[in-house]
Each structure stands twice: as C-alpha cells, then as structure tokens.
2 protein chains.
Amino acid sequence: MGITSHDVARLAGVSQPTVSRALRDDPRVSEATREKVRRAAQALNYVPSEAGRTLSTRATRRVGVIVTDLTNPFYPHVIAPLHDELSGLGYRMMLITERSDEAVAEEKLLDQSMDGVVLATATTDSRLPAQLERRGMPYVFLNRDTGRAGDFASVVDNEGGGRLVARELVALGHRHVAGVFGAANTTTGRERELGFRLALAEAGVGLVEDRVVRGAFEYDTGYRALPALLAADPAPTAVFCGNDVVAIGVLNAALAAGVKVPDDLTVVGFDDLPMAAWEVFRLTTVRHDLGELSRQAARLLVRRIAGEVDPGGERLVLPTEFVPRATHARAH
Amino acid sequence: MGITSHDVARLAGVSQPTVSRALRDDPRVSEATREKVRRAAQALNYVPSEAGRTLSTRATRRVGVIVTDLTNPFYPHVIAPLHDELSGLGYRMMLITERSDEAVAEEKLLDQSMDGVVLATATTDSRLPAQLERRGMPYVFLNRDTGRAGDFASVVDNEGGGRLVARELVALGHRHVAGVFGAANTTTGRERELGFRLALAEAGVGLVEDRVVRGAFEYDTGYRALPALLAADPAPTAVFCGNDVVAIGVLNAALAAGVKVPDDLTVVGFDDLPMAAWEVFRLTTVRHDLGELSRQAARLLVRRIAGEVDPGGERLVLPTEFVPRATHARAH
DNA sequence: GCTGGTTGTGAATACGTATGTATGCCATGA
DNA sequence: TCATGGCATACATACGTATTCACAACCAGC
C-alpha cells in the first residue's frame with residue numbers, strides 16, 4: 001500500500017538515506033543522483049510519510065488552535081487568517097474546541113502531537129497555560145491572555161478602545177450610559193470595561209451597576225441584556241457592548257422591543273467584524289486588525305517554537321480605531 | 001525532555017511492552033502489574049507519544065476537513081458538530097482550507113498524516129476525489145458531492161427543498177420569480193435550482209434567464225445580484241436564494257435600495273442558519289438539520305476508515321422543511 | 001515426575017524517516 | 001608513487017510504540 005523511501009531507493013539504485021537527502025535538496029548529494037531519485041519518486045508517486053519524519057525529527061509541523069464555540073461569528077475571522085499564515089510558515093492546523101473538559105484537552109495537547117498551541121480562549125483562571133509550561137510546550141495567547149507578565153501574546157489595545165468609546169459617548173452628550181461587557185475572567189472583557197470606566201470617570205460620568213451586564217461574548221448575552229438595561233432608572237441613552245456579536249444581539253433585541261437605534265439608544269460594538277458593516281446593522285464600533293492579530297500570533301508562535309524569542313515574554317498589542325456608522329447619535 | 005514508555009518501564013521494574021499493554025488495558029497483563037505500571041506512569045506524568053503510536057499502528061486517529069472560506073457563516077455550523085462528533089469517536093480534526101492550490105492540498109492529504117478526509121467543498125469538476133481514491137485514502141462528501149454513483153456522502157434533499165419553495169411561491173400567487181442560485185459546478189447549486197424549476201414548470205410558471213443569477217454561496221453574490229434582478233422586465237416579485245448567506249446579502253441590498261421585504265419582494269433562503277432567525281432578518285427559508293448532516297458525515301467516514309461500509313457507496317440524504325418567517329408574502 | 005495447557009512477561013522487531021559517522025573514490029600536489 | 005583532502009554515498013542507528021513470538025512459571029491430571 002504505502003510507498004516508502006526504501007522503494008524509491010531500490011528503483012533509483014541508491015540507498016534510502018540518499019533518497020531522503022536528495023528529495024530535501026541536501027547539497028551533499030550530486031545533481032545527477034538527485035535527478036535520478038526525483039524521477040524514481042515521481043514514478044512511484046512517493047510521498048514521504050510524515051509519521052516517520054515526525055518520529056525522526058521530533059517535530060510535527062503541526063500547531064493546535066484552541067477555541068470555544070466555533071459558531072460564534074468572531075472565531076472564524078481569527079481562524080481563517082491564522083490557518084493561512086501557519087500554512088505559509090509550513091505548519092498545519094489542528095482545531096480543538098475546549099469545552100469544560102480541560103483534562104481531555106491536556107491529554108490531547110501533551111502527547112507531542114503538535115509543536116505548539118494557540119490559545120484563543122484563555123481565561124484569567126485557566127490552568128492550561130501552566131500545564132503547557134511544565135511540559136515545555138510552546139504556546140501563545142491570541143486576543144485574550146492571562147494578564148500576567150511573561151506571556152507570549154498577540155492582543156488588542158482593549159483599554160484604549162474602551163476609552164475611545166467613552167470619549168465619543170461623552171462628546172455626544174450621553175450621561176446615562178450602560179455596558180454589556182465580556183466575562184470578568186477574560187482580559188478582553190476586563191480591559192475594555194476598565195478603559196471605558198476610566199475615561200467616563202475622567203469626564204465625570206458614572207457607570208452604575210444596574211446599567212452593567214457581564215456575560216459571554218455571545219449573541220444571546222446582548223439579546224437578553226437589553227430589557228434589564230432599559231429597566232434602569234433613568235434608562236441609559238447609550239450602551240457599549242463587549243464586542244460586535246453582543247452588540248448585534250442588542251440591536252436585534254432593540255428591534256424586537258421597538259427601541260429605535262440610534263434615536264432612542266446608541267449602540268457601540270468592538271472588533272468591526274465584516275458583519276458590522278451590513279446594511280441591517282451599520283454598527284458603530286471599534287476597529288482593530290483581526291487578520292493581523294492572528295497572523296502576528298502565528299508568527300510569534302513559530303518563533304517561539306524555533307526558540308528565537310525573548311524568554312521574558314512578548315506581548316504584541318494592536319491599536320484600535322473608532323468607526324462611526326449609524327448606531328450612534330447625540331443624547332436626547 | 002520527553003518521558004517514554006521505557007522510562008516508565010524502568011521505574012515500574014517491567015519491560016516496555018508491558019507498559020504499553022498495561023496502559024491500554026490489555027487483558028493479558030495481571031492486575032498487580034497493571035497497577036504498578038499505572039502508578040509509575042502517573043508519577044512520571046507519562047503521555048504516550050502519538051508519533052510513535054502512529055508509526056507502529058499505521059493509524060493517526062486524525063481526520064482532515066477541507067473547506068474553502070471559513071469566514072462564510074455557513075461553515076462554522078458544519079465544522080462545530082463535525083469536530084464534536086469526530087472527537088467523540090476518538091478522532092482529531094485537521095482543518096485545511098483549499099484555495100485554488102489543489103496540488104498543495106494533495107501533498108498534504110497523501111502523506112499518511114490522516115486516516116480520512118471530509119470534503120465539504122466538492123465541485124463536480126474536482127480532481128481531488130480521484131486522487132484520494134487512487135491512494136486508498138478514505139473520504140466522504142459533506143453537503144456537496146460530485147453527483148456520481150458510488151460516492152460516500154452526507155447530503156440534503158436539495159431538489160426536494162427547491163420544490164418546496166417553488167410550490168409555496170406559486171401558492172402565494174407569484175408568477176414572476178427569480179433565482180440567485182449557487183455555482184453551477186456544485187450539486188447544492190444545481191439540485192436546488194433543478195427542484196425549483198421543475199416544480200415551477202409543473203405549475204406553469206417560467207423562470208427566464210434574465211431573472212437568474214448564479215454565483216458562489218456568499219453574501220456578496222446576493223448583495224450584488226439584486227440590482228440586476230430588479231432591472232428585469234417585468235421585475236420579479238419573489239426571489240429564491242441558493243442559501244441563507246446569499247439571501248442575507250439580498251436582504252441587505254434590498255434595504256440599501258429601498259426595496260421593501262416582503263411587500264415589494266419575497267425572499268427565501270436555504271439552510272436555516274441560526275442567523276436567519278435574527279430579528280433583523282426573520283428570513284423565510286428551508287430547514288434541514290445541519291448538525292445531523294455533519295455528525296452523519298463523521299460517522300460515515302469513521303465507518304469507511306474501519307472498512308465497515310458498502311463498497312458501492314452510501315449516500316445519506318436528509319429531508320427538508322419549509323420555514324415560514326417574515327420575508328415572504330402574497331404577490332402584489 | 002512427566003505431559004500439556006494456561007497465564008504473564010520479556011526479547012526482538014517492525015514501522016518510515018533523518019542523521020552522525022564511516023567509507024570509497026577521485027583529483028591534486030610533491 | 002603515495003599521501004592528502006574533498007566529495008558522494010552507504011552503513012548503522014535513533015526516534016517511541018505496538019506486536020509477534022518465545023519462554024518461563026505455574027497448575028492440573030495422570
């Protein structure tokens with residue numbers, strides 16, 4: 001069934017090691033032999049077994065990517081550029097969705113079946129990074145990190161983004177603002193909230209707890225949060241959402257509840273997913289380069305695998321930009 | 001760095017094969033020895049190297065999944081259940097996005113680095129299945145297939161779904177209908193169009209070429225198609241879209257163009273993605289069980305890998321159901 | 001005390017590639 | 001003519017696991 005380098009060697013009249021070297025363009029093999037080997041390999045339709053190669057080189061050229069819920073529209077926009085960048089760097093992608101099942105994930109990660117891991121779902125209380133560290137498995141954080149020093153991470157200036165939004169809302173005259181923030185055990189959730197709060201406070205605007213909701217970065221979080229926020233007294237005139245997916249949940253809930261956006265309520269998201277620009281949403285949001293965020297993470301991981309990296313950690317931070325569209329307006 | 005079964009053997013005072021057997025619950029090893037080995041493995045934090053295992057067993061417990069554009073909202077809803085089902089069956093998922101680059105894909109697929117492949121992007125003119133066949137690599141089609149006999153495929157009753165839509169539109173009095181169908185080299189595109197046309201014809205309703213657009217199953221296809229369709233004379237009162245993503249493109253274009261849905265135009269999709277139910281769309285569409293479609297493909301592939309399968313091919317077809325929401329109305 | 005069957009374990013080996021080291025060959029220069 | 005050195009290739013082996021086969025130890029039965 002399987003053609004091996006031995007078969008090629010026999011046909012080409014050389015030894016197996018020569019086949020190995022010839023096909024990988026080792027300069028020590030002469031041009032004539034190389035050509036002979038190439039032809040034999042071609043004739044037999046030989047493809048080197050990556051299992052053999054892996055065992056011999058102790059490198060799999062494979063990288064694991066851990067996400068939670070793939071059907072969340074955010075992740076595909078991370079996974080796609082990540083896949084392509086890794087592919088360009090000669091690595092393949094194993095997709096792993098980490099449910100509560102951390103034990104299983106660990107088992108899968110620690111069997112040397114990949115050279116490194118991209119963690120796109122880190123929570124500040126996750127034990128996984130420590131496990132990886134102990135086993136010497138290279139990993140980087142993507143989008144979220146643990147917030148601790150020494151991390152290798154590709155992230156966004158979340159705090160800055162939160163500030164941008166607060167300043168815009170204040171400039172528009174909003175004094176009663178609300179937030180549907182991400183989970184408190186994620187850095188993305190915390191930092192966006194922090195930046196938002198700090199800049200509000202600088203302008204003398206408060207953010208009271210009954211106008212704050214926290215939850216997973218999901219559609220439903222936004223959809224279900226709206227009624228609670230509207231029940232606050234006085235009701236908020238603007239709401240900053242933890243990300244675009246949450247904001248889209250809020251927009252849909254607003255439509256269902258007959259709340260006019262932006263006349264009755266200003267809604268602002270974060271991420272600027274392509275979907276945010278759709279005509280039905282025209283969502284005002286905070287942009288960052290999600291593709292670059294991912295590619296950067298891929299390159300950082302590959303550098304870490306190769307060991308060409310600052311042992312004290314590297315944290316690559318992408319800037320944010322306010323994107324005004326049609327879901328914000330002056331306070332009424 | 002890496003702990004091997006030899007290390008465990010040494011600590012437990014047994015031979016390496018005994019470790020291998022004990023940890024995999026081979027009945028030939030005594031309970032006492034098994035326990036001793038387990039303890040040693042635990043103490044050393046031993047995890048079997050999957051590279052060694054792969055080389056020895058010639059099975060990788062890995063499956064490749066080929067998609068085109070991950071950022072298309074359709075794919076995550078396939079990949080997520082596929083991942084989970086495969087995971088439950090003891091397989092891991094390698095994600096591969098196949099650009100025009102077929103050669104690269106082949107190379108990656110044929111190096112024995114996975115036990116089987118799920119093809120979610122088959123076109124009727126793809127050479128890949130033949131390549132896989134020649135190398136004896138098990139594969140199944142998911143959602144799309146080649147339309148040839150002997151395939152292993154998990155698909156939807158596309159023709160039936162197309163018929164459902166045609167009958168509903170006819171019943172609503174639509175006589176000038178349009179279609180934004182999928183690409184002609186996909187079975188999903190062809191079969192939905194076919195069913196739609198056949199049932200229209202049975203009702204004596206024609207579908208003229210200037211009210212037909214074909215293109216990739218993407219947002220932009222729908223978004224860009226609308227102006228062309230509206231230019232037809234007489235303009236259509238209803239449009240059937242190749243899938244929900246296309247329909248959502250049409251809905252957004254309608255909003256931009258000031259076309260009222262469903263008063264001016266009925267729009268119908270296909271797939272019933274969660275997004276279709278969003279308040280901003282309330283898309284009338286054709287439902288099938290996308291999760292089951294994927295899980296079924298996973299099980300079929302695993303059976304094919306195990307060889308427990310009808311050599312003449314197996315084609316699992318899921319039924320469709322019309323889902324009336326808010327984007328259809330009587331013809332004016 | 002021998003045979004024959006079980007049961008549990010170890011020795012040897014296969015899997016396919018890559019690599020460190022040795023070997024053979026040839027040209028060069030004295 | 002022979003030593004030297006560079007070049008191309010072969011030999012041996014490592015990588016970590018699973019498996020085949022052989023072999024002990026043990027027991028039952030005669």
Side-chain angles (χ1 to χ4, degrees), chain A residues 1-38 40-41 44-62 90 107-108 110-115 135-136, chain B residues 1-38 40-41 44-62 90 107-108 110-115 135-136:
Chain A
M1 184 64 71
I3 310 287
T4 75
S5 53
H6 289 94
D7 300 322
V8 177
R10 206 170 309 124
L11 180 60
V14 297
S15 72
Q16 177 271 325
T18 299
V19 171
S20 169
R21 288 194 257 257
L23 295 180
R24 288 176 313 110
D25 288 327
D26 188 308
R28 290 179 302 175
V29 43
S30 71
E31 188 51 48
T33 307
R34 188 196 317 282
E35 194 46 44
K36 204 167 47 177
V37 170
R38 277 215 196 98
L44 294 176
N45 248 313
Y46 168 71
V47 180
S49 149
E50 79 104 41
R53 173 174 293 165
T54 291
L55 196 55
S56 186
T57 60
R58 297 132 153 288
T60 61
R61 308 296 289 182
R62 238 176 283 140
E107 177 89 0
K108 282 184 176 175
L110 299 177
D111 66 354
Q112 308 292 335
S113 63
M114 30 210 162
D115 297 340
R135 299 297 278 232
Chain B
M1 184 64 70
I3 310 287
T4 75
S5 53
H6 288 93
D7 300 322
V8 177
R10 205 170 308 125
L11 180 61
V14 299
S15 71
Q16 177 271 327
T18 299
V19 171
S20 169
R21 287 193 268 254
L23 294 180
R24 287 175 314 112
D25 288 326
D26 188 308
R28 290 177 302 175
V29 45
S30 71
E31 190 50 48
T33 308
R34 190 196 314 281
E35 195 46 43
K36 205 168 46 176
V37 170
R38 277 214 195 97
L44 296 176
N45 248 312
Y46 169 70
V47 180
S49 149
E50 78 105 43
R53 174 173 290 168
T54 291
L55 196 55
S56 186
T57 60
R58 297 134 153 284
T60 61
R61 308 295 288 181
R62 240 177 280 140
E107 176 88 3
K108 282 184 177 173
L110 299 177
D111 65 356
Q112 308 293 334
S113 63
M114 30 210 164
D115 298 341
R135 299 295 279 231

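All values below were derived from every heavy atom in this structure, side-chain atoms included, with hydrogens, water molecules and symmetry-related copies excluded. Chain naming here is simple, since letters A, B, ... match the order of the sequence lines and numbering starts at 1 in each. These numbers were taken from a predicted model, which means no experiment stands behind them.
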Does the side chain of [X] reach to within under 4.5 Å of the side chain of [Y], using non-hydrogen atoms?
X        : Y        : value
B:Gln16  : B:Thr4   : no
B:Thr54  : B:Arg62  : yes
B:Val47  : A:Arg135 : yes
B:Gln112 : B:Thr60  : no

Which one, [options], comes nearest to the side chain of [X]?
X       : options                : value
A:Ser5  : C:dT17, C:dT9, C:dA14  : C:dT17
B:Arg28 : C:dT17, C:dT9, D:dA18  : C:dT9
A:Arg24 : C:dG10, C:dT9, C:dA18  : C:dA18
A:Arg53 : C:dC15, D:dT20, C:dT17 : C:dT17
A:Ser56 : D:dC15, D:dT19, C:dT9  : D:dC15
B:Thr4  : D:dG16, D:dT19, C:dT9  : D:dG16
A:His6  : D:dA10, D:dT9, C:dT17  : C:dT17

Reckon [X] has a side-chain N or O less than 4.0 Å from the OP1 or OP2 of [N]?
X       : N      : answer
A:Arg58 : D:dG16 : yes
B:Arg34 : C:dG8  : no
A:Ser20 : C:dA18 : yes
A:Thr54 : C:dT17 : no
A:Ser30 : D:dT9  : yes

Nearest-angstrom distance from the residue atom [atom1] of [X] to [atom2] of [N]:
X       : N      : atom1 : atom2 : answer
B:Asp26 : C:dG8  : CG    : C1'   : 10 Å
B:Arg10 : C:dA11 : CZ    : P     : 13 Å
A:Glu31 : D:dA8  : CD    : P     : 11 Å
A:Asp7  : C:dG16 : CG    : P     : 9 Å
A:Arg61 : C:dA18 : CZ    : P     : 12 Å
B:Leu55 : C:dG16 : CG    : P     : 7 Å
B:Tyr46 : D:dG16 : OH    : P     : 10 Å
B:Ile3  : D:dC15 : CD1   : P     : 14 Å

Quiz question: going by heavy-atom distance under 3.5 Å, is there a donor-acceptor pair between the base of C:dA18 and the side chain of A:Gln16?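 Answer is yes: a donor-acceptor pair is held.
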Under 3.5 Å donor-acceptor pair, A:Arg21 side-chain atoms to C:dG20 base atoms: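 For A:Arg21, whose side chain was compared with the base of C:dG20, there is a donor-acceptor pair (under 3.5 Å).
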How would you label the contact of [X] with the nucleic acid (heavy atoms, under 4.0 Å): base, sugar-phosphate, or nothing?
X       : answer
B:Pro17 : base
B:Ser49 : sugar-phosphate
A:Val19 : nothing

Quick check: closest heavy atoms across A:Ala12 and A:Val37, and the distance to 0.1 Å? CB-CA, 4.2 Å
Stepwise salt bridge (charged side-chain N to carboxylate O under 4.0 Å, His left out) check, B:Arg34 with B:Asp26: CA-CA 9 Å; B:Arg34 190 196 314 281; B:Asp26 188 308; over 6 Å; no
